[in-house]
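To keep things clear, I will list the structure first and then write my remarks on it.
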Amino acid sequence: MHQAEITAAQAYIRLMAATRAALADPDVAPLYMPLLASPMEEADEALRRAGLTGNEDRLFALVRELQPTLTGSDR
């Protein structure tokens with residue numbers, strides 16, 4: 001795993017954490033949805049730089065290496 005791939009996987013992990021937080025309370029989720037724009041842009045750019053755009057299999061393999069509990073591979 002090279003640095004650009006690590007950066008992309010970390011950006012994806014941050015995006016998932018931000019998304020979970022924004023959607024945790026359905027009553028206020030619409031207020032927080034605009035806050036996801038920045039993490040989405042960060043993840044998109046990191047994926048592009050790492051050459052992972054459209055390569056979900058490789059991205060998810062990297063994510064599993066960094067944070068197995070995020071993808072459920074600990075089950």
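All figures in this text were calculated on a predicted structure; none of them were measured in a lab.
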Task: Exercise: identify the closest heavy-atom pair between Leu59 and Ala9 - done: CD1-CA, 4.1 Å

Task: Nearest atoms (heavy-atom pairs only) where Ile13 meets Leu66 - done: CD1-CB, 4.0 Å

- [ ] Can you tell me which residue pairs pass the salt bridge (charged side-chain N to carboxylate O under 4.0 Å, His left out) test with a partner in residues 1-13, sequence neighbours excluded?
- [x] Glu5-Arg58

Task: Closest approach of Ala11 to Ala43 (non-hydrogen atoms, all atoms of both residues) - done: CB-CA, 3.8 Å

TODO: State yes or no: do Leu35 and Tyr12 share one hydrophobic cluster built from I, L, V, M, F, W and Y residues joined by side-chain heavy-atom distances below 4.5 Å, directly or via other members?
DONE: no

Open item on the list: Let me confirm one number: the CD-CD1 distance from Glu65 to Ile6, rounded to the nearest 0.5 Å.
Closed with: 9.0 Å

Between side-chain atoms of residues 21-33 and protein atoms elsewhere (two or more places apart, or another chain), which donor-acceptor pairs fall under 3.5 Å?
unit_1	atom_1	unit_2	atom_2	d
Asp25	OD1	Asp27	N	3.0

Open item on the list: Could you measure the distance from the CG atom of Leu62 to the CG atom of Leu52? Nearest 0.5 Å is fine.
Closed with: 6.0 Å

Open item on the list: Testing the 3.5 Å rule here: is there a donor-acceptor pair between the side chains of Glu42 and Ser38?
Closed with: no

Task: Shortest non-hydrogen contact from Ala4 toward Ala50 - done: O-CB, 3.4 Å

Task: Minimal non-hydrogen separation, Pro39 against Leu15, with atom names - done: CB-CD1, 3.8 Å

Open item on the list: More than 12 heavy atoms of other residues, nucleotides or ligands under 6.0 Å from CZ of Arg49: yes or no?
Closed with: no

TODO: Compare all side-chain heavy atoms of Thr53 with those of Asp44 and state whether any distance is below 4.5 angstrom.
DONE: no

